[in-house]
Amino acid sequence: MKFLIASDIHGSRFYAEAVAKKFAEEGAQMLVLLGDIYNHGPRNPLPKEYDPMGVAKILNGLTEKLLVVKGNCDSDVDTMISDFEFVSEAVLVDCGKRVFLQHGDRYSIDALPKNCGDAFIYGHFHTGFIERKDGVLVANCGSVSLPKNGTAHSYIVMENGELILKDIESGKEISREKI
């Protein structure tokens, strides 16, 4: 199965549309969103085309193909405009490899979850990367709408036991690693 994993849309209809478009172009079967879907957060600027209801309309159209992990900017009221559930964390299995998913507000490369399996993917910090730590492949898919520290607007494709970090604007590969 091919997964497209993205995070931190922060209410940007422009980037929600970009994620939906890449999801179709990549031919992925499941879209995994790692939180901070609608709200921009008090420390962030408003993202391009801030329209939480527009984001909800786009994502509600993909409900059957969505797995959404709750982020620190996602509130209970967000479920009122969503046709999908938010979960606190999740585990996927790809080619027999266990991949732990969380927003990144509780765990990170500096605080790995116990028994996280072969890989850990998160968002929250808005900086995309893939690297190994203590035998675990750790990846941050970055932020599609508000990247930080000069990183790209990015997402991850997971397929055949491999993670590929890509720029959502150009589609170019940034990094790749086997789980």
Item to check | Criterion side-chain contact (heavy atoms from CB on, under 4.5 Å) on Tyr155 and Ile5, from CA distance to verdict | outcome: CA-CA 6 Å; Tyr155 66 97; Ile5 304 168; over 6 Å; no

Please give me the minimum heavy-atom distance between [X] and [Y], naming the atom from each residue.
X     : Y      : answer
Lys97 : Asp118 : CA-OD2, 3.3 Å
Ser7  : Cys141 : CB-SG, 3.4 Å
Ile81 : Pro52  : CD1-O, 4.4 Å
Ala20 : Leu62  : CB-CD1, 4.1 Å
Asn44 : Lys148 : OD1-NZ, 3.7 Å

Heavy-atom check, side chain of [X] versus side chain of [Y], under 4.5 Å:
X      : Y      : value
Val99  : Val93  : no
Ser82  : Tyr38  : yes
Met1   : Asp94  : no
Ile174 : Lys166 : no
Leu165 : Ser154 : yes
Tyr50  : Ser12  : no
His153 : Ser143 : no
Phe86  : Asp78  : yes

Next on the checklist: Are more than 12 heavy atoms, taken from residues, nucleotides or ligands other than Lys57, located less than 6.0 Å from that residue's NZ atom?
Outcome noted: no

Spacing of [X] atom [atom1] and [Y] atom [atom2] [to the nearest 0.5 Å]:
X      : Y      : atom1 : atom2 : value
Leu101 : Ser88  : CG    : OG    : 11.5 Å
Glu177 : Leu163 : CD    : CG    : 8.5 Å
Ile168 : Lys22  : CD1   : NZ    : 7.0 Å

Test your reading of the model: is there a side-chain donor-acceptor pair from [X] to the backbone of [Y], 3.5 Å cut-off?
X      : Y      : answer
Asn39  : Cys73  : yes
Asp74  : Ile37  : yes
Gln29  : Gly27  : yes
Asn60  : Asp83  : yes
Lys2   : Glu26  : yes
Asn140 : Phe129 : no
Ser145 : Asp8   : yes
Asn149 : Thr151 : no

Checklist entry - Have Tyr15 and Glu49 got a donor and an acceptor in their side chains that come within less than 3.5 Å? => result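 Result is no, nothing qualifies.
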
Checklist entry - Side chains of Tyr122 and Glu89: do they bring a donor and an acceptor to under 3.5 Å? => result no

Among the clusters formed by ILVMFWY side chains lying less than 4.5 Å apart, do [X] and [Y] turn up in the same one?
X      : Y      : answer
Leu33  : Phe14  : yes
Leu137 : Leu34  : yes
Leu92  : Ile130 : yes
Val157 : Phe23  : yes
Leu4   : Val55  : yes

Item to check | Pair Arg13 + Glu17: basic N to acidic O under 4.0 Å | outcome: yes

Compile the donor-acceptor pairs under 3.5 Å between side chains in residues 64-72 and protein atoms, sequence neighbours left out, one pair per line.
residue: Lys70; atom: NZ; partner: Asp76; partner atom: OD1; Å: 3.1
residue: Asn72; atom: OD1; partner: His103; partner atom: NE2; Å: 2.9
residue: Asn72; atom: OD1; partner: His124; partner atom: ND1; Å: 3.2

Checklist entry - After noting the C-alpha distance and the side-chain angles of Ile109 and Glu131, does the key distance pass the side-chain contact (heavy atoms from CB on, under 4.5 Å) rule? => result CA-CA 9 Å; Ile109 192 165; Glu131 59 185 76; 3.3 Å; yes

Next on the checklist: Can you tell me how the ring of Phe120 sits relative to the ring of Phe100, calling it parallel under 30°, perpendicular over 60° and tilted otherwise?
Outcome noted: tilted

Item to check | Distance flag, aromatic centroids of His10 and His126, threshold under 6.0 Å | outcome: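 Yes, close enough.
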
